[in-house]
There are 2 protein chains.
Amino acid sequence: MADRDTEERILDAAHAVFLQRGTAGARMQEVADEAGVNKALLHYYFRSKDQLAQAVFRRALGELLPQAMEILRSEAEIESKVRGIVELEVEILRRNPFLPGYLLGELTHHPERVHEIFESVVGMKLGRLGHEVRSTIAGQLEAEAEAGRMRELPVEDFLMNLVSLAIFPFAARPLLQLMLDVDEDGFDALMGARKERLPEFFLNALRP
Amino acid sequence: MADRDTEERILDAAHAVFLQRGTAGARMQEVADEAGVNKALLHYYFRSKDQLAQAVFRRALGELLPQAMEILRSEAEIESKVRGIVELEVEILRRNPFLPGYLLGELTHHPERVHEIFESVVGMKLGRLGHEVRSTIAGQLEAEAEAGRMRELPVEDFLMNLVSLAIFPFAARPLLQLMLDVDEDGFDALMGARKERLPEFFLNALRP
DNA sequence: GTCTATATTGTGATAGAC
DNA sequence: GTCTATCACAATATAGAC
């Protein structure tokens, strides 16, 4: 219960509270309670709410982005990348219900934070990484198209469409649960089943 | 500058401020300034911040949902619905950059609000509307599949995949702008071009 | 209906003992 | 490192004049 251990407990607690309430809606007192320590300790370790919020945001973004980037810029085949991204994102998001809504909310309400944090998360200049991913996949798509195995599609579309399909339903979950008339477990089951169909759906869209 | 007019100016101002900052991050003072009136007037018309926030949320959801629902449960053909949804959502979201992030953030941070508000927005019992949309489209999908024009796909997948593709990129815009290395105008141009390709992409995924 | 002034509470942050 | 006590101010909300 001391030192590094406490700092970690606080960050865990902050993660839980900030993701559920959002940065602006989160209260330091609630984080302290959740961590089982006093409010003053939060400031001892993180100085201010803003810095704690940044640590949480960095961590949250780090749960999603680096592994996805790794898959996308690897040398694996297109089909394998599609399956890998779907499997990865769906499994992470099934276990973290607040993650996508939190991230998208923070992105729109604090867009200025993204730039600085992005780099510390993926450990690379963002422009460079984005370019690397795009040129890698663009080459693959082009080769597939020339071989007649896929129809032409801009890399930007490939990337946006893939992550849209994988992530969005989790972000809109509260609305979807009402419209599809399912509870938590029903939704989770739905997502588990959809995960199996999604790669086929996406790859089918790429057929010539 | 009186009566109904003032109430509307306040709601407009609140809409602008709340969507950009989020409900918890928004300040009544900023809303008052934006509306060009005094803080006390906000309470005169809306009683509390919470009620003002609800009015804004209702209005924001109303910009997106009812028209989409109308298209989905109409008697139009599947292909026409796909084109209609893409056209509608993309055009609305291009003009309202904060709308999707705000909605998704509020959904995750205040899921309890959805139930009550949903009904007043679409003017119908939510379970009923959802069921109506699903059974209508399920019938259409089944007919298309039997005629050999489309492969089989659960209604839930059809609905989730379609709205995911249409909405998500706008919600993730700040991140995508960095990764794709484009500014505001570049992003808008990208979305404009993608809008034309999206229906083909989606319909292609439905081919047998 | 609209304003100014003020009450009241909530909340981030620090001082200082242990 | 961790706590209690407290400060300082931000933010919602209301009272009351006009």
Side-chain angles (χ1 to χ4, degrees), chain A residues 1-60 98 102 105-106 108-110 112-113 116-117, chain B residues 1-60 98 102 105-106 109-110 112-113 117:
Chain A
M1 33 258 290
D3 220 12
R4 198 83 207 162
D5 189 38
T6 302
E7 182 170 350
E8 216 172 298
R9 279 227 318 287
I10 291 174
L11 190 55
D12 285 346
H15 188 88
V17 173
F18 278 65
L19 261 70
Q20 184 164 2
R21 306 243 186 262
T23 295
R27 297 292 162 246
M28 296 296 269
Q29 184 61 58
E30 195 179 351
V31 174
D33 293 345
E34 178 84 15
V37 300
N38 192 278
K39 238 189 347 173
L41 263 200
L42 310 194
H43 289 90
Y44 175 81
Y45 281 106
F46 292 92
R47 189 76 189 169
S48 71
K49 180 185 179 182
D50 190 72
Q51 289 195 37
L52 181 54
Q54 290 204 33
V56 169
F57 184 68
R58 188 177 301 117
R59 197 204 219 206
F98 300 111
Y102 162 80
E106 296 298 314
T108 75
H109 302 321
H110 309 286
E112 73 286 353
R113 278 191 180 159
E116 30 168 346
I117 286 182
Chain B
M1 33 277 272
D3 220 11
R4 198 80 208 164
D5 189 37
T6 303
E7 183 171 347
E8 217 173 295
R9 278 228 317 287
I10 291 175
L11 190 55
D12 285 345
H15 188 87
V17 173
F18 278 64
L19 261 70
Q20 183 163 4
R21 306 244 186 259
T23 295
R27 297 292 160 245
M28 296 295 268
Q29 184 61 58
E30 193 179 352
V31 174
D33 293 345
E34 178 84 14
V37 300
N38 191 278
K39 243 193 334 177
L41 264 199
L42 310 194
H43 289 90
Y44 175 80
Y45 282 105
F46 292 91
R47 188 76 188 169
S48 70
K49 180 184 178 182
D50 190 71
Q51 290 196 38
L52 181 55
Q54 290 204 35
V56 169
F57 183 67
R58 189 177 300 119
R59 194 203 221 207
F98 299 111
Y102 162 80
E106 295 299 314
H109 302 321
H110 308 286
E112 74 285 354
R113 280 190 179 160
I117 286 182

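Just so we're on the same page: letters track the sequence lines, and every chain starts at 1.
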Novice: For the side chain of A/Tyr45, counting heavy atoms from C-beta on, which of D/dT2, C/dT14, C/dT2 is nearest?
Specialist: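 Among D/dT2, C/dT14, C/dT2, the one nearest the side chain of A/Tyr45 is D/dT2.
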Novice: Could you give the NZ-to-C1' distance, from A/Lys49 to D/dC9, as a whole number of Å?
Specialist: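 It works out to 15 Å between those atoms.
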Novice: Nearest-Å distance, CE (B/Met28) to C1' (C/dT8)?
Specialist: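 Whole-Å distance recorded here is 16 Å.
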Novice: Would you say B/Tyr44 places a side-chain N or O within less than 4.0 Å of OP1 or OP2 belonging to D/dA13?
Specialist: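 For D/dA13, neither OP1 nor OP2 has a side-chain N or O of B/Tyr44 closer than 4.0 Å.
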Novice: Has A/His43 got a side-chain N or O lying under 4.0 Å from the OP1 or OP2 atom of C/dT14?
Specialist: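 The answer is no; no side-chain N or O of A/His43 sits under 4.0 Å from OP1 or OP2.
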Novice: What is the separation between atom CG on B/Leu41 and atom P on D/dT14, rounded to the nearest whole Å?
Specialist: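 So the two atoms are 14 Å apart, to the nearest Å.
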Novice: Taking the side chain of B/Val37 as its heavy atoms from C-beta onward, which of D/dT12, C/dG12, C/dC3 lies nearest to it?
Specialist: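 In terms of side-chain proximity for B/Val37, the closest of D/dT12, C/dG12, C/dC3 is C/dC3.
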Novice: Between C/dT2, C/dA15, C/dG12, which nucleotide has the shortest distance from any of its atoms to the side chain of A/Ala40?
Specialist: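 Nearest listed nucleotide: C/dA15.
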Novice: Under a 4.5 Å cut-off applied to non-hydrogen side-chain atoms, are A/His43 and A/Met28 in contact?
Specialist: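 The answer is yes, as the side chains (C-beta and beyond) meet within the 4.5 Å cut-off.
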Novice: Apply the test side-chain contact (heavy atoms from CB on, under 4.5 Å) to residues A/Val31 and A/Phe18: give CA-CA distance (whole Å), side-chain angles for both, the deciding distance (0.1 Å), then the verdict.
Specialist: CA-CA 8 Å; A/Val31 174; A/Phe18 278 65; 3.7 Å; yes
Novice: Do B/Asp50 and B/Arg113 meet the salt-bridge criterion of a basic N to acidic O distance under 4.0 Å?
Specialist: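 Salt bridge between B/Arg113 and B/Asp50, a charged N being under 4.0 Å from a carboxylate O: yes.
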Novice: Would you kindly give the CG-to-P distance between A/Leu42 and C/dT14, to the nearest whole Å?
Specialist: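 Distance, rounded to whole Å: 13 Å.
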Novice: Under 3.5 Å, side chain of A/Glu7 to main-chain N/O of A/Tyr45, donor-acceptor pair present?
Specialist: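 Checking the backbone N and O of A/Tyr45 against the side chain of A/Glu7, no donor-acceptor pair under 3.5 Å is found.
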Novice: Could you pick out which residue, A/Asn38 or A/Arg27, lies toward the 5' side of DNA chain C when each is mapped onto its nearest nucleotide?
Specialist: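 The residue whose closest nucleotide sits nearer the 5' end is A/Arg27.
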Novice: Looking only at side-chain N and O atoms, does B/Thr6 come under 4.0 Å of OP1 or OP2 in C/dT2?
Specialist: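 So the side-chain polar atoms of B/Thr6 do come within 4.0 Å of the phosphate oxygens OP1 or OP2 of C/dT2, strictly under.
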